[in-house]
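This report refers to the structure that appears directly beneath it.
What you see is a predicted model; the values in this text were computed from it and never measured. Numbering of residues begins at 1 and proceeds along the displayed sequence.
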Amino acid sequence: MQPEEAKTLIKEILNSDVSFEGHFNKCFENLKETQKQELIGWIKSCKKYKADPIQSKTNREVIGFVKRIGSNIRTILTKEKQGYFLTLFLDKHKYYETEMNKLGF
């Protein structure tokens with residue numbers, strides 16, 4: 001699966017015009033096919049609230065779901081508490097720390 005196909009599928013799953021942040025395309029291309037399917041499955045779990053959300057400390061209306069993929073890739077899916085999914089961040093661990101701080105997690 002290519003990054004653009006994945007973006008379309010993710011938007012359909014979430015029924016939202018989610019934005020993609022970090023180095024999404026490059027990181028997604030470097031994932032193994034099983035990791036790509038794991039990511040899609042996790043996104044489905046997030047939509048059904050089967051994954052545990054975390055609360056932003058800086059914006060009480062935003063929650064996030066966090067997942068580790070492999071040894072160095074991290075993803076953060078953010079959502080308005082009573083609204084739509086906002087962003088899907090996919091990048092290496094060093095960028096993930098900065099993003100978590102920025103979002104208040």
By ring pair (Phe, Tyr, Trp, His ring centres under 6.0 Å) - contacts of [X] (at least two apart):
X	answer
Phe89	none
Tyr96	His93
Phe105	none
Tyr84	none

Query raised in the report: Who are the salt bridge (charged side-chain N to carboxylate O under 4.0 Å, His left out) partners of Glu4, not counting sequence neighbours?
Result: Lys7

**Report entry** Under the salt bridge (charged side-chain N to carboxylate O under 4.0 Å, His left out) test, residues paired with Lys92 that sit two or more places apart
**Finding:** none

Query raised in the report: With sequence neighbours left out, what residues match Asp52 under side-chain hydrogen bond (donor to acceptor under 3.5 Å, both in side chains)?
Result: none

Query raised in the report: Among all residues two or more places apart in sequence or in another chain, which pass the side-chain hydrogen bond (donor to acceptor under 3.5 Å, both in side chains) test with Lys79?
Result: Tyr49

Report task. Could you tell me the separation between the CD1 atom of Ile13 and the SG atom of Cys46, rounded to the nearest 0.5 Å? Result -> 10.5 Å

Query raised in the report: Once you round to the nearest 0.5 Å, how far does NZ of Lys102 lie from CD of Glu21?
Result: 5.0 Å

Report task. Please report the closest heavy-atom contact between Phe65 and Pro53, naming both atoms and the distance. Result -> CE2-CB, 3.6 Å

Query raised in the report: If you take all heavy atoms of Lys36 and Leu31, which pair is closest and at what distance?
Result: CE-O, 3.3 Å

Is [X] reaching over with its side chain to a backbone N or O of [Y], donor-acceptor style, under 3.5 angstrom?
X	Y	answer
Gln55	Arg60	yes
Asn25	Pro3	no
Lys81	Ile63	no
Asn15	Lys11	no
Glu29	Lys26	no
Arg74	Ile76	no

Considering residues at least two apart in sequence or located in another chain, which fulfil the side chain to side chain contact (heavy atoms under 4.5 Å, CB included) criterion with [X]?
X	value
Thr75	Leu39, Trp42, Lys67, Ile69, Leu88, Leu90
Lys57	none
Lys94	none
Gln2	Glu5

Establish whether [X] and [Y] are linked, either directly or via other cluster members, by ILVMFWY side-chain heavy-atom contacts under 4.5 Å.
X	Y	answer
Ile40	Ile73	yes
Leu86	Ile43	no
Leu77	Phe24	yes
Leu14	Met1	yes

Query raised in the report: More than 12 non-hydrogen atoms from neighbouring residues, nucleotides or ligands closer than 6.0 Å to OH on Tyr95, yes or no?
Result: no

Query raised in the report: Side chains of Thr87 and Ser19: donor-acceptor distance under 3.5 Å anywhere?
Result: no

Query raised in the report: Side chains of Leu103 and Glu99: closer than 4.5 Å at any heavy-atom pair?
Result: yes

